[in-house]
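Below you'll find the structure, written out as structure tokens, and then a few comments.
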Amino acid sequence: MNTDALLSFFERDLNKLITEIELYKNEETIWRVEKNIANSAGNLTLHVIGNLHTFIGKEIGKTGYVRNRELEFTQKNVSRQELIDGIKDTIKMVKNSLASITNEDLKKEYPVMKFSKIESTEYLLVHLTTHLTYHLGQINYHRRLMNQ
């Protein structure tokens, strides 16, 4: 894996996330939860943004980002445009943060222990791509259920 490939996955899936948010027929539906659905698409989007800004922006890009993880799941009724702008900002941050990462840097230890043991930066970035994709799938399913 190299930084170009990782960046292409992040950019592809974050752009798909924008498309998913745009496809909601009613903006309020982005925030709706029903029955056993615990998180709205809006909250999952805020979570993806916060997660990437923390583990890529703060730790790799040295952006100084301060995360409020609880707010990612409790904040409501952020406008569709604000969500899209946040995703676009995240794409820029990922590009800027990964621009200077070399293939040798990918093999180095990630600066924060996120798992049960210290892993490489490459391992963490691959994990973040799969985490993004997992939530993208949830949002896609949420949208299809809620747009009926």
Side-chain angles (χ1 to χ4, degrees), residues 1 3-101 105-106 110-116 118-148:
M1 188 66 59
T3 53
D4 290 338
L6 289 164
L7 182 56
S8 72
F9 292 135
F10 283 117
E11 193 169 12
R12 177 197 69 192
D13 289 343
L14 287 166
N15 279 312
K16 283 182 182 178
L17 179 54
I18 290 170
T19 300
E20 286 296 330
I21 297 302
E22 289 173 337
L23 285 171
Y24 276 84
K25 294 176 186 173
N26 183 329
E27 188 168 327
E28 291 78 34
T29 308
I30 295 169
W31 298 96
R32 202 162 103 203
V33 291
E34 284 186 5
K35 300 174 187 159
N36 293 329
I37 299 174
N39 295 305
S40 70
N43 288 117
L44 290 171
T45 300
L46 293 174
H47 172 61
V48 164
I49 290 169
N51 191 59
L52 294 176
H53 275 276
T54 298
F55 293 108
I56 295 178
K58 178 182 176 188
E59 298 302 333
I60 295 174
K62 306 298 182 204
T63 62
Y65 182 78
V66 177
R67 187 177 194 183
N68 184 341
R69 190 174 189 281
E70 182 179 329
L71 193 60
E72 295 167 14
F73 293 100
T74 58
Q75 189 172 3
K76 303 292 179 212
N77 301 317
V78 174
S79 74
R80 181 191 320 253
Q81 190 57 55
E82 286 177 89
L83 290 173
I84 291 169
D85 290 346
I87 300 164
K88 287 179 179 179
D89 179 59
T90 303
I91 293 169
K92 288 178 193 166
M93 175 278 300
V94 169
K95 285 181 177 181
N96 291 338
S97 297
L98 296 184
S100 62
I101 297 292
D105 291 332
L106 290 175
Y110 183 76
V112 174
M113 189 167 87
K114 170 144 175 63
F115 305 102
S116 60
I118 294 176
E119 296 290 353
S120 69
T121 298
E122 178 181 42
Y123 183 94
L124 191 329
L125 290 171
V126 170
H127 166 76
L128 292 174
T129 63
T130 61
H131 178 262
L132 167 58
T133 303
Y134 175 75
H135 288 310
L136 178 60
Q138 288 179 307
I139 292 165
N140 171 271
Y141 196 69
H142 180 271
R143 177 188 54 77
R144 289 183 289 125
L145 283 173
M146 298 299 169
N147 269 354
Q148 295 179 6

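Treat the numbers as computed from the prediction; the structure is a model and nothing was measured. Quick note: numbers below take in every heavy atom, side chains included, and nothing from hydrogens, waters or symmetry partners. This chain uses plain numbering: 1 for the first residue, then up along the sequence.
When all heavy atoms of F55 and E59 are compared, the pair lying nearest together is O-CB, 3.8 Å. Here the closest heavy-atom approach between residue I56 and residue M93 is recorded as CG2-SD, 3.9 Å. Across every non-hydrogen atom of L124 and K114, the tightest pair is CD2-CB, 4.1 Å. Across R80 and N26, no two heavy atoms sit closer than the pair NH2-C, 3.9 Å. For the pair Y24 and I139, the tightest heavy-atom approach, listed with the atom from each and the gap, is OH-O, 3.5 Å. Taking all atoms of both residues into account, the shortest heavy-atom contact from I87 to L14 is CG2-O, 3.4 Å.
Scored by the side chain to side chain contact (heavy atoms under 4.5 Å, CB included) test, D89 finds H53 as partners (sequence neighbours excluded). Residues that satisfy the ring pair (Phe, Tyr, Trp, His ring centres under 6.0 Å) test with Y134, not counting sequence neighbours, are absent from this structure.
You'll find the side chain of L6 stays beyond 4.5 Å of the side chain of I101, heavy atoms only.
The environment of F73 atom CZ is dense: over 12 non-hydrogen atoms of other residues, nucleotides or ligands sit within 6.0 angstrom. The environment of Q81 atom CD is dense: over 12 non-hydrogen atoms of other residues, nucleotides or ligands sit within 6.0 angstrom.
Using bins of under 30°, 30° to 60° and over 60° for the plane-to-plane angle, the ring pair H47/H135 lands in the perpendicular bin.
Note that the NZ atom of K16 and the CG atom of L136 stand 7.0 Å from one another [nearest 0.5 Å].
We find that K95 and E11 are joined by a salt bridge, their nearest charged nitrogen and carboxylate oxygen being less than 4.0 Å apart.
Legend: side chain to side chain donor-acceptor pair (under 3.5 Å) pairs involving residues 33-42, not counting sequence neighbours, sorted by first then second residue: R32-E34, S40-N43.
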